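Proteins come first, then strands; the chains are lettered A, B, ... in the order of their sequence lines, and each starts at number 1. What you see is a predicted model, and the numbers here were worked out from it, not measured in a lab.
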Protein chains: 2
Amino acid sequence: MSNAAGQPDTMRERILDVALELFIQNGYDGTSLREVAERLGVTKAALYYHFASKDDILMALHLRLHELGKDALRRLTDGHVTLAKWGALLDSLLDEMRSHREIILLHERNQAAFEKLHRKDHDAEHEDIQDRFRQILADASLPLRDRVKMACSLGAVMGGLLMFGDAFGQAQESQVDDLVRSAVKDLLRR
Amino acid sequence: MSNAAGQPDTMRERILDVALELFIQNGYDGTSLREVAERLGVTKAALYYHFASKDDILMALHLRLHELGKDALRRLTDGHVTLAKWGALLDSLLDEMRSHREIILLHERNQAAFEKLHRKDHDAEHEDIQDRFRQILADASLPLRDRVKMACSLGAVMGGLLMFGDAFGQAQESQVDDLVRSAVKDLLRR
DNA sequence: GTCTATATTTCGATAGAC
DNA sequence: GTCTATCGAAATATAGAC
């Protein structure tokens, strides 16, 4: 994906990185392939050598999230979910969520585009981490009290790290992480 | 806006209600005026009698949120913010957030479209509640600990009521409200 | 207030040269 | 792998009749 310096080494990855940035800033539908190409110093047609379609670019970005959440997904699939398990998962997931902040922001801000993408892919077995979250929260065999706490704690992490996370500056990221962890712990306690 | 039965009485409001629903479901850019018109049983051109442009429709929907948050905004503008004040505000705002769930969802899912709208309106004094939230959370004179707690608590409310709130069914909304309140209280305590 | 018809623009995507 | 050139579709918006 990227080399040690964090720079993408293939054109395919460079396209994805630029697209990610623009899709977050201006939205998927609000970003034209012309803009993506211009920022890379190439023409629109060049992109079609690396990707079959605009949707194909979005799908490649979606796979980055899929990769990220696949072991978390596994931990949430066997056995039934408890508050303690949920708390442990959130705690261990927090670092990954920060380092992949952009890819999560992309999904949060382009839900409509991803849903349209899913409708076309009626083949792919998209056992998504997002779907799994919704599935657990909708599971009526769990106490409502626990489900609400899980939804709130997930929202708290997203609020502290992603949605408003850029208000805290970059220098003290690890402090923010600790504060979010403690906030979630307080929320889930009892 | 609407009569006692909750039905919009003017064509203008009917347009806004349909647009709101489609903009949430398919996104602002993903929704064409043809779709809006078709669902209303009129043609695209008819919409232009009531609104000057598609952006004008989005702006009218934005004003609904502006109206909603204007007294909350006032309470957040005088004096400096404390954790206690923040908690009280969230508590009193929670009912409004639930009853205006859709208009908040619209803003959450179409940030890019609203930002583009704001760029054109360099005249309007949009002292927005969203802006105010970000402003407070970025205020370095407040303890980082408090700011993170504020961001997390706001995220918790959005998680419990909006983002994943439809997983709990509609019957027990007041129970969910109470559970979210108590979760936020636990989070802000200490 | 709503209609038909159309102007205008922009976008995704393709063809073929290099 | 990237270019120029272009196609076809769909979108916003307008003009003018009713």
Between P of dG12(C) and CD of Glu35(A), the distance in whole Å: 9 Å
Presence of Arg34(B) side-chain N/O under 4.0 Å of dA10(D) phosphate oxygens OP1/OP2: no
Salt bridge Asp56(A)-Lys120(A), side-chain N to carboxylate O under 4.0 Å: no
Selected nucleotide, minimal atom distance to Ala45(A) side chain, candidates dT4(D), dG12(C), dT4(C): dT4(D)
Lys85(A) side-chain N/O to Arg75(A) backbone N/O, donor-acceptor pair under 3.5 Å: no
Between C1' of dT14(C) and NZ of Lys44(A), the distance in whole Å: 10 Å
First encountered from the 5' end of DNA chain C, between Leu33(A) and His50(B): His50(B)
Contact under 4.0 Å: Tyr49(B) side-chain N or O vs dT2(C) OP1/OP2: no
Charged N-O contact under 4.0 Å between Glu38(B) and Arg34(B): yes
Leu58(B) CG - dA13(D) C1' separation (whole Å): 17 Å
Protein-nucleotide distance (Met11(B), atom CE; dT2(C), atom C1'), rounded to Å: 9 Å
Residues His62(A) and Asp128(A): side-chain donor-acceptor under 3.5 angstrom: yes
Nearest-Å distance for atom pair CZ/C1', residues Phe51(A) and dC11(C): 19 Å
side-chain N/O Thr43(A) vs dT2(D) OP1/OP2, d < 4.0 Å: no
Between P of dT14(D) and NZ of Lys54(B), the distance in whole Å: 15 Å
Selection from dT2(D), dT12(D), dT2(C) that lies nearest to any side-chain heavy atom of Val42(A): dT2(D)
Nearest-Å distance for atom pair CG/P, residues Leu40(A) and dT2(D): 10 Å
Euclidean distance, atom OH of residue Tyr48(A) to atom P of dC3(D) [Å, nearest integer]: 15 Å
Side-chain H-bond candidate by donor/acceptor type, Asp55(A) with Tyr28(A), under 3.5 Å: yes
